[in-house]
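Quick notes on the structure that follows.
Read the numbers this way: they start at 1 and go in the same order the structure lists the ligands and their atoms.
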Amino acid sequence: MRITRRTLLLGAGAGVASVLLASCTPEPAPTPTPTRTREPEPPPGVPAPAGSVRSTWTTDPFALGAVSFTPVGVVAGTRTALGLPIDDRVFFAGEATDEDAPGTVRGAIASGARAAEELMIPGSSGERVAVVGAGLAGATAAALLAERGVQVTVFEARDRVGGRVHSQVDDSWPVPVQLGAWLFGDDDSEVLDQLTSGDVGIEELTGELWRTPDGDTDPVDPQPFTAAMTTAQAAPEDSSVADALTAAGVDPADPATAALLAILATRTGADADELSSWLAPPLPTGEPKAARDDLTPFVEHALDGVQVGLSSPVARIAYDDSGVSVRLGTGEALSFDRVVVTVPLGVLQKRSIEFEPALPFSQRGAIAALGTGAIETVWLRWDEPFWQNEESIWHAVGADVLIPTWINLQPTTGENVLVGLVGGTAAADFAALDEKAALEAALASLTLWV
Ligand SMILES: Cc1cc2nc3c(=O)[nH]c(=O)nc-3n(C[C@H](O)[C@H](O)[C@H](O)COP(=O)(O)OP(=O)(O)OC[C@H]3O[C@@H](n4cnc5c(N)ncnc54)[C@H](O)[C@@H]3O)c2cc1C
């Protein structure tokens with residue numbers, strides 16, 4: 001990957017991570033003040049962590065949400081419409097354009113490959129192509145185009161590549177902190193092969209624990225949920241996941257069902273009352289696999305030999321029969337033959353990039369129709385564990401906690417690290433908290449596991 005001088009000339013992109021207040025956080029130089037801010041009080045039984053980091057994708061200006069989801073009533077094919085090339089000049093990729101696996105690494109990579117394929121029309125070898133966004137979709141498209149002799153320039157708004165794949169490597173953490181994608185399921189074998197051949201270590205997260213405020217409980221049986229979705233998917237009209245459950249006699253507010261919906265929300269970023277039952281992804285099955293290494297070199301490797309401008313937000317894309325003009329936030333405009341736009345759906349919805357002429361109805365309709373969901377994660381570490389179980393995945397059932405799902409990295413890494421996952425409205429609520437309140441909410445969610 002070649003980083004251009006633009007990296008130095010333009011302002012730094014916004015980082016996504018913010019460090020929570022923690023016992024190890026160095027205090028600023030003491031300034032006497034009449035009232036002192038109270039440190040978060042750890043709830044009984046949960047000691048103050050030695051370190052904590054959380055994601056803030058909901059407010060991140062270059063994501064504006066976590067992943068795309070399909071709201072109730074949105075027709076199949078909407079994502080294909082979003083990804084349709086315009087006049088063979090403007091091409092679209094990104095997880096939101098993938099019909100099979102939206103909101104995933106798999107979908108992002110597949111979309112980048114699809115866009116590169118569409119762009120490689122006869123005569124396009126040797127052309128100048130801009131790729132907007134250096135996430136997995138952009139990196140995949142750029143790599144495939146460069147391989148075929150296209151002169152590719154990638155413009156990335158942040159000061160790093162990877163987008164919603166963000167490993168934070170820091171000496172104070174014994175493992176890379178994964179603020180974006182790092183978990184993979186049964187359908188991800190191809191992605192896992194790519195990761196392992198790129199020297200990324202993969203661990204299977206084994207063992208689940210389901211706990212109510214009264215103690216451990218049996219794993220929630222997904223069968224009634226799955227049956228309700230199967231029935232809803234055969235119905236003549238779409239309904240929300242919540243309505244589909246109710247119609248099948250399953251109460252979405254029942255603690256066991258709510259626990260399954262919380263898992264679905266960490267995958268889609270959406271609540272059950274907004275999610276299409278026709279197009280909702282299935283509940284995850286099997287033991288998830290987790291990347292244990294820094295994922296940045298994997299993305300950088302794809303961009304080897306490609307010109308990448310970091311801290312280069314694109315503000316405007318103008319296109320006509322003769323080519324494409326890409327204007328950066330600085331006002332600088334550059335000419336290309338074609339452009340591949342891979343920015344997240346949230347960025348398109350907020351119209352952070354102006355298109356001239358305006359995008360066709362099919363694209364604008366798809367952008368307006370699809371939903372952007374919220375998923376946030378919080379990483380906490382302790383010098384000593386306060387929990388006494390060796391299961392990797394913990395689910396809260398019927399407990400009034402903001403963060404219902406936790407991943408225990410102790411069994412796989414030997415490190416006392418817990419990772420909280422939250423999706424939907426709860427994630428947006430978590431993202432809206434200030435640092436102190438966010439840590440308090442995270443620790444309060446852990447009292448169940450003492
Ligand atoms: C918290 C969280 C956890 C997740 N966990 C998983 C998981 O475990 N497994 C899984 O498969 N998937 C997971 N995902 C989803 C996965 O991360 C995404 O589907 C995937 O990374 C999206 O890749 P992309 O290339 O489509 O978009 P992005 O990675 O977002 O890339 C788009 C790029 O465009 C850039 N950009 C934005 N605006 C501009 C602009 N104006 N100019 C230039 N550049 C711009 C962005 O900075 C970004 O780098 C998770 C997502 C989140 C948020």
* Flag Ala137 as yes when one of its N or O atoms lies below 3.5 Å from any N or O atom of ligand 1, and as no otherwise. => yes
* Taking N or O atoms only and a 3.5 Å limit, does Phe184 qualify as a polar contact for ligand 1? -> no
* **Arg79 and Ser68, any side-chain heavy atoms less than 4.5 Å apart** => yes
* Which ligand 1 atoms does Ala66 reach within 4.0 Å, using its non-hydrogen atoms? -> 53 (C)
* Decide whether the shortest distance between a heavy atom of Ala63 and an atom of ligand 1 is less than 4.0 Å. => no
* Asked: So, is Val343 polar-close to ligand 1, with some N/O to N/O distance under 3.5 Å?
  -> no
* Structure fact -> Closest non-hydrogen atoms of Pro360 and Tyr319, given as atom of the first, atom of the second and distance, are CD-OH, 4.3 Å
* To do: Kindly confirm or rule out an N or O of Trp182 lying under 3.5 angstrom from an N or O of ligand 1.
  => yes
* Asked: Taking 4.0 angstrom as the limit, do Asp60 and Arg158 come out as a salt bridge?
  -> yes
* To do: Answer yes when Arg148 and Glu117 have at least one side-chain N-carboxylate O distance shorter than 4.0 Å, and no when they do not.
  => yes
* Taking the six-membered ring of Trp394, is NZ or CZ of Arg211 closer than 6.0 Å to its centre and within 45° of its axis? -> no
* **Glu95-ligand 1 polar pair, N/O distance under 3.5 Å** => yes
* **Non-hydrogen atom of Ala101 closer than 4.0 Å to ligand 1** => no
* To do: Looking only at distances, please establish whether an N/O atom of ligand 1 is found under 3.5 Å from an N/O atom of Leu136.
  => yes
* For Glu376 and ligand 1, does the shortest N/O to N/O distance drop below 3.5 Å? -> no
* Asked: For Pro313, is at least one N or O under 3.5 Å away from an N or O on ligand 1?
  -> no
* Report yes if Leu183 has an N/O atom closer than 3.5 Å to an N/O atom of ligand 1; otherwise report no. => yes
* Modelled atom types, side-chain donor and acceptor of Asp98 and Ser111, under 3.5 Å -> no
* May I ask you to list the atoms of ligand 1 that are less than 4.0 angstrom from any heavy atom of Thr104? => 10 (C), 11 (O), 12 (N), 19 (O)
* What are the atoms of ligand 1, with element, lying closer than 4.0 Å to any heavy atom of Arg158? -> 46 (C), 47 (O), 49 (O)
* Check: Arg164 N/O within less than 3.5 Å of ligand 1 N/O -> yes
